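This report refers to the structure that appears directly beneath it.
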Amino acid sequence: MSRDASRGALGAGRLTALAIVVAALACSNITEGSGGVVAIELRTPNPAIIEVGDTFALQARALNRQGDSVAAPIFWRTPDTAGITIVDSAAGTVTAKLDTGTARVQARNGTLLSDLVPYALGPHSDTLVVPGPDTTLVPTGVDTAGPLIAQLRTLAVPAGVAGGTLIYEIVSPAFPTGTIPTVTIGNGLLRVLALTDTSGAPITPVILRAVPGQPKPATVIVEVRWTRPSGTPVPGSPHDFVINFTP
């Protein structure tokens with residue numbers, strides 16, 4: 001059951017960013033770059049993947065001695081030109097040439113250089129599919145449903161995309177903060193990040209469970225979604241699993 005693809009913008013490309021400070025800020029002998037820059041902070045997504053054929057924007061900011069962000073130009077380079085191409089050095093846009101391996105990128109402000117930061121190169125994720133039924137009727141007396149199988153696939157070869165992160169989330173019923181959920185997925189959660197295997201499906205099966213001692217809801221909707229690292233939703237994402245509990 002497909003839904004408005006705009007919600008897919010909350011996918012893997014916008015997961016928690018990891019900030020890496022690549023130059024010390026307190027040392028008095030640091031050579032400053034332009035505009036008083038003494039450090040470049042890189043922000044890498046988790047996971048740090050560049051898909052072949054997709055244009056991805058690298059992110060960094062320049063810092064002064066006080067650790068504050070300053071408006072200063074940052075340019076990008078790579079020593080691994082066989083794996084990726086810097087589309088626009090000033091904008092930090094890159095695209096992958098290969099669908100396996102790793103490639104490193106480096107930021108620069110004047111003579112100040114960041115560390116070389118590795119990115120994984122992956123196949124282009126073309127579609128999110130649900131190979132089986134997406135509506136389930138749970139018999140009386142049964143407290144679980146699943147596994148809820150979705151697959152991230154590429155059209156380049158008849159295979160799944162390994163190393164992606166599918167997001168599964170209970171979107172109905174809603175459980176406001178402070179309330180006890182009546183159903184959960186994963187290890188007692190309302191939202192899980194499922195790493196994919198070579199079939200493009202979650203390595204660890206995603207199971208819906210009724211919480212013991214709580215009344216089962218009549219219907220539960222679990223959304224699965226994936227967004228490319230560039231932030232573009234994949235066709236077929238998001239998709240709903242509808243689980244109906246027999247009264």
Side-chain angles (χ1 to χ4, degrees), residues 2-20 42-60 74 76-107 114 116-131 149-169 192-204 206 223-239:
S2 187
R3 300 180 68 183
D4 183 2
S6 63
R7 295 193 61 182
L10 298 177
R14 298 191 179 179
L15 302 182
T16 303
L18 304 178
I20 305 173
L42 278 66
R43 297 180 180 274
T44 57
N46 182 22
I49 297 175
I50 303 174
E51 292 188 357
V52 65
D54 196 26
T55 301
F56 179 78
L58 303 167
Q59 296 185 17
I74 293 176
W76 297 86
R77 63 175 293 274
T78 178
D80 303 320
T81 54
I84 61 174
T85 296
I86 303 293
V87 178
D88 187 325
S89 176
T93 51
V94 298
T95 187
K97 296 179 181 178
L98 304 176
D99 60 9
T100 58
T102 59
R104 297 162 296 168
V105 296
Q106 187 176 46
S114 76
L116 287 165
V117 177
Y119 276 77
L121 306 180
H124 193 265
S125 55
D126 291 299
T127 183
L128 176 71
V129 300
V130 173
I149 301 175
Q151 293 176 315
L152 188 61
R153 292 182 181 174
T154 177
L155 301 180
V157 292
V161 176
T165 305
L166 294 176
I167 301 175
Y168 285 79
E169 183 172 10
V192 298
L193 308 180
L195 190 67
T196 60
D197 58 20
T198 54
S199 73
I203 295 174
T204 302
V206 177
E223 179 186 272
V224 59
R225 60 184 182 264
W226 163 260
T227 300
R228 297 189 184 102
S230 63
T232 305
V234 172
S237 173
H239 193 97

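Please read all numbers here as calculations on a predicted model, not as lab measurements.
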Using the rule side chain to side chain donor-acceptor pair (under 3.5 Å), only one of Asp54, Thr95, Thr55, Thr93 pairs with Ser230; which is it? Asp54
To the nearest 0.5 Å, what is the distance between NE2 (His239) and CD (Glu223)? 10.5 Å
Looking at CG of Leu42 and CG of Leu116, how far apart are the two atoms once the value is rounded to the nearest 0.5 Å? 10.0 Å
Go through the steps for Asp197 and Gln151 under the test side-chain contact (heavy atoms from CB on, under 4.5 Å), then give the verdict. CA-CA 9 Å; Asp197 58 20; Gln151 293 176 315; over 6 Å; no
Does the side chain of Tyr119 reach to within under 4.5 Å of the side chain of Leu58, using non-hydrogen atoms? yes
Out of curiosity, Leu98 CG to Leu121 CG, how far, rounded to the nearest 0.5 Å? 6.0 Å
Any side-chain heavy atom of Val234 within less than 4.5 Å of one from Arg228? yes
To the closest 0.5 Å, what do you measure between OG1 (Thr204) and CG (Leu193)? 12.0 Å
Check whether any side-chain heavy atom of Ser125 sits under 4.5 Å from a side-chain heavy atom of Glu51, and report yes or no. yes
Which heavy atom of Ala48 sits nearest a heavy atom of Pro118, and at what distance? CB-O, 4.4 Å
With sequence neighbours excluded, residues passing salt bridge (Lys or Arg N to Asp or Glu O under 4.0 Å) with Arg104: Asp80
What heavy-atom pair brings Ala150 and Val130 nearest, and what distance separates the two atoms? CB-CG2, 4.3 Å
Close side-chain approach of Lys97 and Thr85, heavy atoms under 4.5 Å: yes
Looking only at heavy atoms, what is the nearest atom pair of Trp76 and Gly92, with distance? CD1-CA, 3.3 Å
Identify the two heavy atoms, one from Ala194 and one from Val206, that lie closest to each other, and give their separation to 0.1 Å. CB-CG2, 4.2 Å
On a heavy-atom basis, the closest approach of Ile74 and Ala107 is CG2-CB, 3.8 Å
Within the distance-only criterion (no hydrogens, no angle test), does the side chain of Thr196 pair as donor or acceptor with the backbone N or O of Val161 below 3.5 angstrom? yes
Nearest non-hydrogen partners of Leu166 and Gly200, listed with the distance: CD1-O, 3.9 Å
One should read off an interatomic distance between Ser114 OG and Gln106 CD, to the nearest 0.5 angstrom, of 5.0 Å
Test item: Thr78 and Val94 side chains (from C-beta on) under 4.5 Å apart, heavy atoms: no
Partners of Tyr168 by ring-ring contact (aromatic ring centres under 6.0 Å, His included), sequence neighbours excluded? none
